*Asks:* 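Can you read through this structure? Questions will come right after.
Protein chains get the first letters and strands the later ones, always in sequence-line order, with residue 1 at the start of each. The structure presented is a predicted model; accordingly, all values stated were derived computationally and were not measured.
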Amino acid sequence: MRSGSARVGRILKAAVPPALTVAGTVAVWEGACRAFEIREFVLPAPSLIAWQFVKGLPLYLAHAWVTVQESVVGFLAGSAVGLIMAVAIVQWRALQRSLYPLLVLFQTVPKAAIAPLLILWFGYGILPKVVLVAILAFFPVTVDGILGLTRIEAALIDLLRSVSASRWQILWKIQMPHALPHIFAGLRVGSTFAVIGAILAEWVGANAGLGYLIMSSGAELKMDRMFAGIFAASVLGVALFYAVDLLERWLLPWHQAVNLEKAIG
Amino acid sequence: MTSAPDAAFIQVRNLGMTFGDREGRVEALRDISLNIAEGTFVSLLGPSGCGKSTLLRHLGGILAPATGRALLRGRPTTEALRDRPFGFVFQDAALLPWRTMLHNVTLLQEIVHRDQRDRAAQEERARQLLALMGLEGFINHYPHQLSGGMRQRVAIARALAIDPAILLMDEPFGALDTITREKLNLDLLRIWEDLRVTVVFVTHSILEAVFLSDAVYVMSARPGRIVEQVEIDLPRPRTLDLLESEGVNRLARRARAALNRGMDYDALR
């Protein structure tokens, strides 16, 4: 067991370089804005953005809450659909031949191009945003899920055949647990798309949400508010990503250990 | 072992197997015939790619022969499979990384006996078998925490957990170092004598085959055929100092000569 202080030391060691990079970038930005007297509506200084963020915190929280709902609900729905599709495609060979090529084709359609269509179909509310997020989030889960469900050791398959295991027993006892780390890889990729999808849909048609706030601030040339909105949106994206990461650590401790073992050799 | 106490236990008659499609066909096995008596320890010895693993899969009913028959007590092994008489151990332990040793051992029991009420009895049996394999201290460890030899012991315990009539082992110790391998050979013999299970053991090590078995079937290069059946009349229980003995050397020479003949089988004709 490693001691608490060693652990703190390790975390500090990991956190210091990125913190320095961020601090340096902000300092250069702040310095440049002041030194070259860059106009506020071109590029506001970080201090101004921060002030705007603190001053308008309730506003940002209100808009962020809308975006959080859209992205989280859409992400969960998309992931569930993605997982069901992966299982269905692996269980029924006919689907693999018919559905899978269609999915790949669909994935190549630019999602920004469907956003206006979704607004037309589902109106101005939360639904079109949830649908767009789900469309963006399901594909990586499906692809990685299929990978995890099918790449089972040959010896294990022979072993299961030798006891006449049913396909459902194989699915629950072997394929699903084996696929979980792969599914989480897909979820992590999907989580980064979720906030992007929500913002995108808000641009096309919304009266609330961070995407709406960014768009309307831009139209009014309120650059500090726009930047504060962008900042809030990226915080959301990072938070969602690490939430998935934490969930994986909590649910699959054995997988972390296996990885570490492989890394050490 | 005395000759043929129960010759009809496992019977293979003129078995042949071909893989592939019209594009390219590979003949893996040709005209294999053999008998394995109940309770004996038999090895299939042959060069890499000679089809000995394929033959083992025919014996275990997970592969149907193209021609000829593989029978267990007179029934095709592919049918006998339903009664789960076969316990497989492969070169790769193929343990589930998300399960502890205990629950890796209960895996096949869970599949065979679907009733969840048996759970406690299954775990008790798994504990016994892990103890038999010398792993009582590692019941709650995960596969990545164990050495290759220990993992292979768990794989053996897992196969034994469904009380198979036949233990089918496909180069189970092929990836292990010599010291671990010899230790596992001894433990396997001890378990075999304890449980009186029939063992069919695939290997490409002449000494391992001679040391363990009652009979060694030597196979030719592809397509695999039986070149010779070497009866191993060494006393039991066997100990490692036997490996230095003249008896082992004599039998190993015979097996090696048969192997060499098998390598040139096609050239000679």
*Asks:* Does the side chain of B/H103 come within less than 4.5 Å of B/T106's, by heavy atoms?
*Replies:* yes
*Asks:* What residues of residues 78-89 of chain B sit under 4.5 Å from chain A when only non-hydrogen atoms are counted?
*Replies:* B/L81, B/R82, B/R84, B/F86, B/F88
*Asks:* Regarding B/D187 and B/K183, does a basic nitrogen lie under 4.0 Å from an acidic carboxylate oxygen?
*Replies:* yes
*Asks:* Would you call B/E208-B/R181 a salt bridge at under 4.0 Å N-O?
*Replies:* yes
*Asks:* Hey, mind stepping through A/R167 and A/Q91 against side chain to side chain donor-acceptor pair (under 3.5 Å) and telling me if it holds?
*Replies:* CA-CA 8 Å; A/R167 68 200 297 193; A/Q91 287 290 306; 3.2 Å; yes
*Asks:* Please list, in residue-number order, every residue in residues 12-25 of chain A that has a heavy atom less than 4.5 Å from any heavy atom of chain B; write 'none' if there are none.
*Replies:* none
*Asks:* Measure from the side-chain N and O atoms of B/N104 to the backbone N and O of B/R99, and report whether any donor-acceptor pair falls under 3.5 Å.
*Replies:* yes
*Asks:* What is the ring orientation for B/W192 with B/F41, classed by angle as parallel under 30°, tilted 30 to 60°, or perpendicular over 60°?
*Replies:* perpendicular
*Asks:* Decide yes or no for B/V200 and B/M169: does some side-chain heavy atom of the first lie under 4.5 Å from some side-chain heavy atom of the second?
*Replies:* no
*Asks:* Given the rule in the side-chain contact (heavy atoms from CB on, under 4.5 Å) test, do B/L160 and B/I156 qualify, once you have shown the distances and angles that lead to the verdict?
*Replies:* CA-CA 6 Å; B/L160 292 172; B/I156 295 171; 3.9 Å; yes
*Asks:* Are there residues of residues 145-166 of chain A whose heavy atoms fall under 4.5 Å of chain B's heavy atoms? If so, which?
*Replies:* A/E153, A/A155, A/L156, A/D158, A/L159, A/L160, A/R161, A/S162, A/V163, A/S164, A/A165, A/S166
*Asks:* Backbone N or O of B/D170 within a donor-acceptor pair of the B/Q91 side chain at under 3.5 Å?
*Replies:* no
*Asks:* When you measure from the side chain of B/S43 to the backbone N and O of B/L45, does any donor-acceptor pair fall under 3.5 Å?
*Replies:* no
*Asks:* Is it true that B/E110 and B/R119 have a side-chain N and a carboxylate O under 4.0 angstrom from each other?
*Replies:* yes
*Asks:* Evaluate A/Q96 against A/R93 for side chain to side chain donor-acceptor pair (under 3.5 Å), listing each step before the verdict.
*Replies:* CA-CA 5 Å; A/Q96 189 165 5; A/R93 273 171 176 262; 5.5 Å; no
*Asks:* Is a side-chain donor or acceptor of A/D245 paired with a backbone partner of A/F241 at a separation under 3.5 angstrom?
*Replies:* no
*Asks:* When you measure from the side chain of A/H63 to the backbone N and O of A/L210, does any donor-acceptor pair fall under 3.5 Å?
*Replies:* no
*Asks:* Please report the closest heavy-atom contact between A/E248 and A/H255, naming both atoms and the distance.
*Replies:* OE2-ND1, 3.6 Å
*Asks:* Could you list which of residues 51-66 of chain B have a heavy atom closer than 4.5 Å to any heavy atom of chain A, in residue-number order?
*Replies:* B/R57, B/I62
*Asks:* Please look at B/I111 and chain A and tell me whether the side chain, the backbone, both or neither of the residue comes under 4.5 angstrom of a heavy atom of that chain.
*Replies:* both
*Asks:* Measure the shortest side-chain to side-chain distance between A/F184 and A/L247 over non-hydrogen atoms and say whether it is less than 4.5 angstrom.
*Replies:* yes
*Asks:* Do the side chains of B/I32 and B/M219 get nearer than 4.5 Å, heavy atoms only?
*Replies:* yes
